[in-house]
Trainee: 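Take this structure, written in structure tokens, and hold onto it; I'll ask about it next.
Values below: all heavy atoms of this structure, side chains included; hydrogens, waters and symmetry mates excluded. Chain identifiers are assigned alphabetically (A, B, ...) following the order of the sequence lines, protein sequences preceding nucleic acid strands; residue numbering begins at 1 within each chain.
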Number of protein chains: 2
Amino acid sequence: MARGELGVAAVARRAGVSTATVSNVINRPEVVSAATRSKVLAAIKELDFVPNRAAATLRQGSNRLVGLVVPEILNPFYAAIASSVADAADRAGYAIALCVSHDDPARELRHFETLAEQRAAGALVVPLSADPSRLSQLRMVGARLVLVDRVSAEHEGCSVAIDDVEGGRIAVEHLLAGAPRSIALVNGPRSIPQCVNRRVGARTAMAAAGLDPDSLVEFEVTDMTVDEGRRVGIEIARAGGPRAVFCINDQLAVGVMRGLGEEGVSTPAEALVVGYGDLDLATEGALPLTTVGQPKRELGELALSRLLAELREGDSHHHTATMLQPYLVVRDSAPAAA
Amino acid sequence: MARGELGVAAVARRAGVSTATVSNVINRPEVVSAATRSKVLAAIKELDFVPNRAAATLRQGSNRLVGLVVPEILNPFYAAIASSVADAADRAGYAIALCVSHDDPARELRHFETLAEQRAAGALVVPLSADPSRLSQLRMVGARLVLVDRVSAEHEGCSVAIDDVEGGRIAVEHLLAGAPRSIALVNGPRSIPQCVNRRVGARTAMAAAGLDPDSLVEFEVTDMTVDEGRRVGIEIARAGGPRAVFCINDQLAVGVMRGLGEEGVSTPAEALVVGYGDLDLATEGALPLTTVGQPKRELGELALSRLLAELREGDSHHHTATMLQPYLVVRDSAPAAA
DNA sequence: CTGTTAGCGCGTTCAA
DNA sequence: TTGAACGCGCTAACAG
């Protein structure tokens, strides 16, 4: 109304029916006779009636709104999740509240509060820390939660993640197929779970090939950037180090390729490089980087569908922890073994 | 309240005050004496009271929620806008509803309806078409609108955009400083306003240098991708075409560099290339691409601040159309003239 | 500074 | 299948 708004009452009057009937036409059209229905719809159109969802929310205790809480939206990985979640939410008639925690736990907490105040039906969250106690505020108002890209034994609810161990494994498995003298791992800080897990996978692949996991030549960088990668690439080249390099992300891989190249070690002729993440810079062909792809779209879609299922099923719902499988994207930097 | 919820009344009882006082503590703390305030805050904490914004919205006619309607969130340009808008909204205590129209006008329209039903206070929209009539639904419920990255003479409201003409101009101006024999423009479809505007700027720069704008050697591609750019790069190289190339976006520029390179034309020694957009693939150093940078963060922040100003000022607000200036980011693909 | 009261618009009874 | 009436939780207006 806001502009002389009148609500269902006005529509009811106009259509010569009761407010309950108008409500039914909007929410359960199948329960209203075709004749009344079209009368009501006509009245709605004539009056430019816009249902007030706040009233419905107040009445029903929950809004058709789901929160999407991510650490960062500039990161293409999260952007991809947001994109698929937005699509799926759209189809289901839910609005999505974008919450960017920006690596700030306080901000994340404020977002939970806001979602609770809005009586969001639920939230998909990529939590900053796996500490589940922070999520209690949301549960308090009956919101359902799905953990995305993280798993937590303590989390009471569904979770959907991508198997980083497997990703590390297939990356190194692929490199080993080239029968290199030795293999390097360019890793990020151990404080990042992904780095830990991908490394575990890498070592698993070594062991599976009958090699000593400790023979993996490890480099650890603080910033997982192209520049750091380049530095490591130069170092590897000068030291005559491994000619097969698994980088924990694509930025590092790009840098390593450049660093190697600057020292006269060409890819893939003299060195193989595998990245991780399948960023646009790889996808769009900026660089022919062999990398580990992640089912980002499925991740988002599945997360939302788990949430909706929980909403639908209520207490009869039983939680699931899903692990999606990454896949190898073979390009020139590490071609398939002959 | 969803879990035996009781609302302000319960808090009021617990604190021994009236509901109005509780409301004041929440919304205008400065109007309540320190003593009562702390009593109320204590009660709120003890009861784990979570204000129900739906009720407030119902009462006030508008939610502290702004819609962000973008064509696509995977596009890093829009992701950057989303990021800055999210930050700014956060600071202002607004939630943001992410609406991805995905190049589908019907979906865009549904988003407007949803925002209207949620009684969003306003929306920042990057419209699919400049047709302003589609926005009426939102206005109908009193929502304020700010147009982002588009201008429309017919739009009743503020707008914030980036000056693409100027961007095209500085790009070609920079190339001209290298005193090339001639200049190529690799453009996208004329149906895209950005392509038209950047071209205008390019021609302006030609004219300003005393050259015939028609001497600009133009290539037009349908898909503005790396692959298409590569195709054009090869074509330019083989034809012995211009050795200074302005590409309408960074993907094309990357492709052109590659295509030229494949034909033995090296950058920047034998050819200069300038892109547009300053995508991550450039920023992160994947490729040392000289390009036109855009103040994306400012764009988002300013858009939201215009919206908030309009909300604050009400009818005394007067609309503004702001044009932000792009800037040249000089890297190796077209270094500064000696 | 604080209390009282009257709806905001809708979904849901319950009866007809 | 439809109608009448109630109240969800909150805030604006006014009274004290």
Trainee: Assign each of B/Thr36 and A/Ile26 to its nearest nucleotide of DNA chain C by heavy atoms, then name whichever residue's nucleotide is nearer the 5' end.
Mentor: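 Between the two, 5'-proximity favours B/Thr36.
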
Trainee: Find the distance B/Asn24:CG to D/dC10:C1' and express it as a whole number of Å.
Mentor: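 That distance rounds to 12 Å.
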
Trainee: When the distance from CZ of A/Arg59 to P of C/dT12 is rounded to whole Å, what number comes out?
Mentor: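 These atoms are roughly 7 Å apart.
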
Trainee: Do B/Gln118 and B/Leu65 come within less than 4.5 Å of each other through their side chains, counting heavy atoms only?
Mentor: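 When only atoms from C-beta onward are counted, B/Leu65 and B/Gln118 do touch, with a gap below 4.5 Å.
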
Trainee: When you measure from the side-chain N and O atoms of B/Asn27 to the phosphate of D/dT11, is any distance below 4.0 Å, counting only OP1 and OP2?
Mentor: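 Yes, because at least one side-chain N or O of B/Asn27 sits under 4.0 Å from OP1 or OP2 of D/dT11.
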
Trainee: Is there a side-chain contact between B/Thr21 and the phosphate of C/dG3, meaning an N or O under 4.0 Å from OP1 or OP2?
Mentor: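 Yes, because at least one side-chain N or O of B/Thr21 sits under 4.0 Å from OP1 or OP2 of C/dG3.
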
Trainee: Give the rounded distance in Å between these two atoms: CZ of B/Arg14 and C1' of D/dG9.
Mentor: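 Whole-Å distance recorded here is 19 Å.
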
Trainee: How many whole angstroms separate atom CG of B/Leu58 from atom C1' of C/dC10?
Mentor: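 To the nearest whole Å, that distance equals 8 Å.
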
Trainee: Whole Å only: how far is the CZ atom of B/Arg119 from the P atom of C/dC8?
Mentor: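 Distance, rounded to whole Å: 14 Å.
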
Trainee: 5'-most contact on DNA chain C: B/Glu30 or B/Gln60, nearest heavy atom basis?
Mentor: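 Taking each residue's closest nucleotide, the earlier one in sequence belongs to B/Glu30.
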
Trainee: Establish, with yes or no, whether the OP1 or OP2 oxygen of D/dT11 is under 4.0 angstrom from a side-chain nitrogen or oxygen of B/Thr19.
Mentor: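 False: B/Thr19 side-chain N/O out of range (4.0 Å or more) of D/dT11 OP1/OP2.
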
Trainee: Reckon B/Val22 touches a base, only the sugar-phosphate, or nothing at all at heavy-atom distances under 4.0 Å?
Mentor: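 No contact at all - B/Val22 keeps every heavy atom at 4.0 Å or more from the nucleic acid.
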
Trainee: Quick test of your reading of the model: are B/Arg297 and B/Glu301 salt-bridged, counting only N-O distances below 4.0 Å?
Mentor: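 Salt bridge present between B/Arg297 and B/Glu301.
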
Trainee: Could you give the CD-to-P distance, from B/Gln118 to C/dG9, as a whole number of Å?
Mentor: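 Going from CD in B/Gln118 over to P in C/dG9 covers 16 Å.
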
Trainee: Quick one: B/Asn63 CG to C/dC8 P, roughly how many Å, whole number?
Mentor: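 So the two atoms are 19 Å apart, to the nearest Å.
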
Trainee: Under 4.0 Å between any heavy atoms, over every strand shown, what does B/Ala56 touch: base, sugar-phosphate, or nothing? Just pick one.
Mentor: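 Touches sugar-phosphate only.
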
Trainee: When the distance from CG of B/Asn52 to P of C/dC8 is rounded to whole Å, what number comes out?
Mentor: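 Whole-Å distance recorded here is 18 Å.
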
Trainee: Could you check whether B/Lys296 pairs with B/Asp149 (Lys NZ or Arg NE/NH1/NH2 to Asp/Glu carboxylate O, under 4.0 Å)?
Mentor: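 Between B/Asp149 and B/Lys296 there is no salt bridge, as every charged N stays at least 4.0 Å from the carboxylate O atoms.
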
Trainee: Is it true that the side chains of B/His111 and A/Asp90 contain a donor and an acceptor less than 3.5 Å apart?
Mentor: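 Yes, side-chain donor-acceptor contact under 3.5 Å.
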
Trainee: Please determine if B/Asp104 and B/Arg110 form a salt bridge, counting it only when a charged side-chain N lies under 4.0 Å from a carboxylate O.
Mentor: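 So B/Asp104 does not pair with B/Arg110 through a salt bridge.
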
Trainee: Taking only the side-chain heavy atoms of A/Ser33 (C-beta and beyond), determine which of D/dT11, D/dT1, C/dC1 contains the nearest atom.
Mentor: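 For the A/Ser33 side chain, the nearest candidate turns out to be D/dT1.
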
